[in-house]
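Accompanying notes for the structure given below.
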Amino acid sequence: MRTVHAGVAALVILALAGCAPGAPSDDPTVADKPTPTKTTTAKPTPTPTPAVHVSSIVVDGDSISVNISEGGVLVDIPFTTDPATASAQLGEAIGLPAVVTSVAGTSCSADTTIYGFGGIDLRSPGGFSASPGAQFVSITLGATTTNGIAVTIPSGHGVGAAEADVLAANASAPTSDFGGGIFLLDYDVKSGSPGTDPDNFFGALAIFRDGALHQISSPIRYEYDC
């Protein structure tokens with residue numbers, strides 16, 4: 001029994017000794033503990049998307065292209081595109097939603113949906129004049145869209161341009177005199193040539209009236225009966 005008490009007494013003494021003033025402690029005080037450091041990783045600054053500025057809409061025999069002032073093409077819309085999709089793509093690119101109207105059919109055309117942007121319309125279906133595979137045609141009757149974007153042929157000429165200037169810039173393109181002050185320029189031939197099978201002769205057409213560019217139509221068959 002003494003041995004047990006002596007062991008307990010020894011443990012008590014050791015415990016008291018650990019609490020005695022000046023006794024070393026295995027537990028450092030708060031002041032002795034190092035202050036934890038927090039590492040902050042700097043987040044990269046996002047690079048802003050460069051602004052682009054639409055300069056023109058160009059109509060050729062294959063597609064409608066939206067060009068930008070910084071150089072290059074913002075979007076190219078083939079005539080084989082679904083017309084509603086084409087309208088949405090053009091509207092987004094130039095910042096102008098289409099005005100959609102319907103026109104009853106005639107002996108030469110079915111009921112037509114027109115997606116209007118001011119100077120240029122997308123019309124579907126294209127009717128007898130449309131080239132093979134085209135889901136819509138473009139008809140340009142004004143120099144600009146409602147919000148002021150120029151609509152041109154590849155040589156840079158738009159509605160209102162002088163006939164002589166346009167013909168000079170497209171000297172190798174086939175032409176024909178329709179009579180009555182109307183002159184035609186096949187400015188971007190995609191298939192065929194004058195005198196060949198009319199169904200295979202198509203592309204983009206410029207129509208002049210009284211010496212000035214009056215209308216741009218694409219894609220169409222240059223020769224068709226209706």
Side-chain angles (χ1 to χ4, degrees), residues 48-105 109-161 166 169-170 173 185-191 202-208 212-222:
T49 303
V52 296
H53 303 87
V54 173
S55 58
S56 63
I57 298 169
V58 178
V59 180
D60 62 24
D62 289 324
S63 64
I64 297 171
S65 301
V66 178
N67 292 349
I68 56 176
S69 301
E70 291 75 13
V73 176
L74 180 61
V75 64
D76 183 72
I77 308 169
F79 291 113
T80 53
T81 307
D82 169 78
T85 300
S87 171
Q89 290 177 336
L90 180 59
E92 180 179 5
I94 66 175
L96 179 69
V99 175
V100 183
T101 57
S102 296
V103 176
S109 65
D111 293 348
T112 302
T113 300
I114 300 176
Y115 302 87
F117 295 90
I120 183 171
D121 292 342
L122 311 186
R123 302 186 183 188
S124 178
F128 292 103
S129 65
S131 65
Q135 294 203 51
F136 69 94
V137 298
S138 65
I139 305 295
T140 302
L141 290 168
T144 68
T145 61
T146 303
N147 58 344
I149 297 170
V151 185
T152 75
I153 65 177
S155 61
H157 298 91
V159 169
V166 182
N170 296 271
L185 171 70
D186 306 334
Y187 70 86
D188 189 18
V189 177
K190 304 314 297 184
S191 177
F202 57 85
L205 173 70
I207 303 173
F208 300 90
L213 181 54
H214 174 72
Q215 179 175 328
I216 302 166
S217 300
S218 183
I220 69 165
R221 290 183 173 91
Y222 293 121

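Between D60 atom CG and S138 atom OG the span is 9.0 Å, to the nearest 0.5 Å. Rounding to the nearest 0.5 Å gives a distance of 8.0 Å between OG of S102 and CG of D111. In this structure, OG1 on T80 lies 9.0 Å from CG on D62, to the nearest 0.5 angstrom. Rounding to the nearest 0.5 Å places CZ of F208 at 12.0 Å from NE2 of H214. In this structure, CG in L74 is found 11.0 Å from OG in S56, a value given to the nearest 0.5 Å. To the nearest 0.5 Å, the span separating CG on L122 from OG on S87 amounts to 6.0 Å.
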Working for side-chain contact (heavy atoms from CB on, under 4.5 Å), residues I149 and L96: CA-CA 10 Å; I149 297 170; L96 179 69; over 6 Å; no
For I216 and I153, run side-chain contact (heavy atoms from CB on, under 4.5 Å): C-alpha distance rounded to whole Å, both residues' side-chain angles, the deciding distance at 0.1 Å, then the answer. CA-CA 8 Å; I216 302 166; I153 65 177; 3.6 Å; yes
Report the C-alpha separation of N67 and V58 in whole Å, then their side-chain angles, then the decisive distance to 0.1 Å, and conclude whether the side-chain contact (heavy atoms from CB on, under 4.5 Å) test is met. CA-CA 7 Å; N67 292 349; V58 178; 3.4 Å; yes
Does the side-chain contact (heavy atoms from CB on, under 4.5 Å) test come out yes or no for H157 and T152, once each step is laid out? CA-CA 5 Å; H157 298 91; T152 75; 5.8 Å; no
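Enclosure of atom CD in E92 is not indicated, since only 12 or fewer non-hydrogen atoms of other residues, nucleotides or ligands lie within 6.0 angstrom.
The shortest distance between side-chain heavy atoms of I139 and Q215 falls below 4.5 Å. In this structure, T113 and V100 have side chains that are in contact, with non-hydrogen atoms separated by less than 4.5 Å. Side-chain contact between L90 and V66: present, with at least one pair of heavy atoms (C-beta onward) separated by less than 4.5 Å. Considering only heavy atoms from C-beta on, F136 stays 4.5 Å or farther from P125 through its side chain. At least one side-chain heavy atom of I120 sits under 4.5 Å from a side-chain heavy atom of V151. Between I64 and F79, some side-chain heavy-atom pair lies under the 4.5 Å cut-off. Looking at T140 and V159, their side chains come closer than 4.5 Å, going by heavy atoms from C-beta outward. Proximity of L205 to Y187: side-chain heavy atoms (C-beta onward) are nowhere separated by under 4.5 Å.
Judged as a salt bridge (Lys or Arg N to Asp or Glu O under 4.0 Å), the pairs with a partner in residues 116-136 (not counting sequence neighbours) are, in order, D121-R123.
Between the side chain of N170 and the backbone N or O of A173 there is no donor-acceptor pair closer than 3.5 Å. Within the 3.5 Å criterion, the main-chain N or O of V189 finds no donor-acceptor partner in the side chain of D186. Formation of a donor-acceptor pair under 3.5 Å by the T112 side chain with backbone atoms of A110 is found in this model. Although no hydrogens or angles enter the test, the distance criterion places a donor-acceptor pair under 3.5 Å between the side chain of S124 and the main chain of Q135.
Here the closest heavy-atom approach between residue P132 and residue R221 is recorded as CG-NH2, 3.8 Å. Closest heavy-atom contact between G95 and N147: O-ND2, 3.9 Å. When all heavy atoms of A204 and S218 are compared, the pair lying nearest together is CB-OG, 3.4 Å. Smallest separation of non-hydrogen atoms from P219 and G61: CB-O, 3.7 Å. Counting all heavy atoms, side chain and backbone alike, F117 lies closest to P97 at CE2-C, 4.0 Å.
If you check the side chains of S65 and D76, you find a donor sitting under 3.5 Å from an acceptor.
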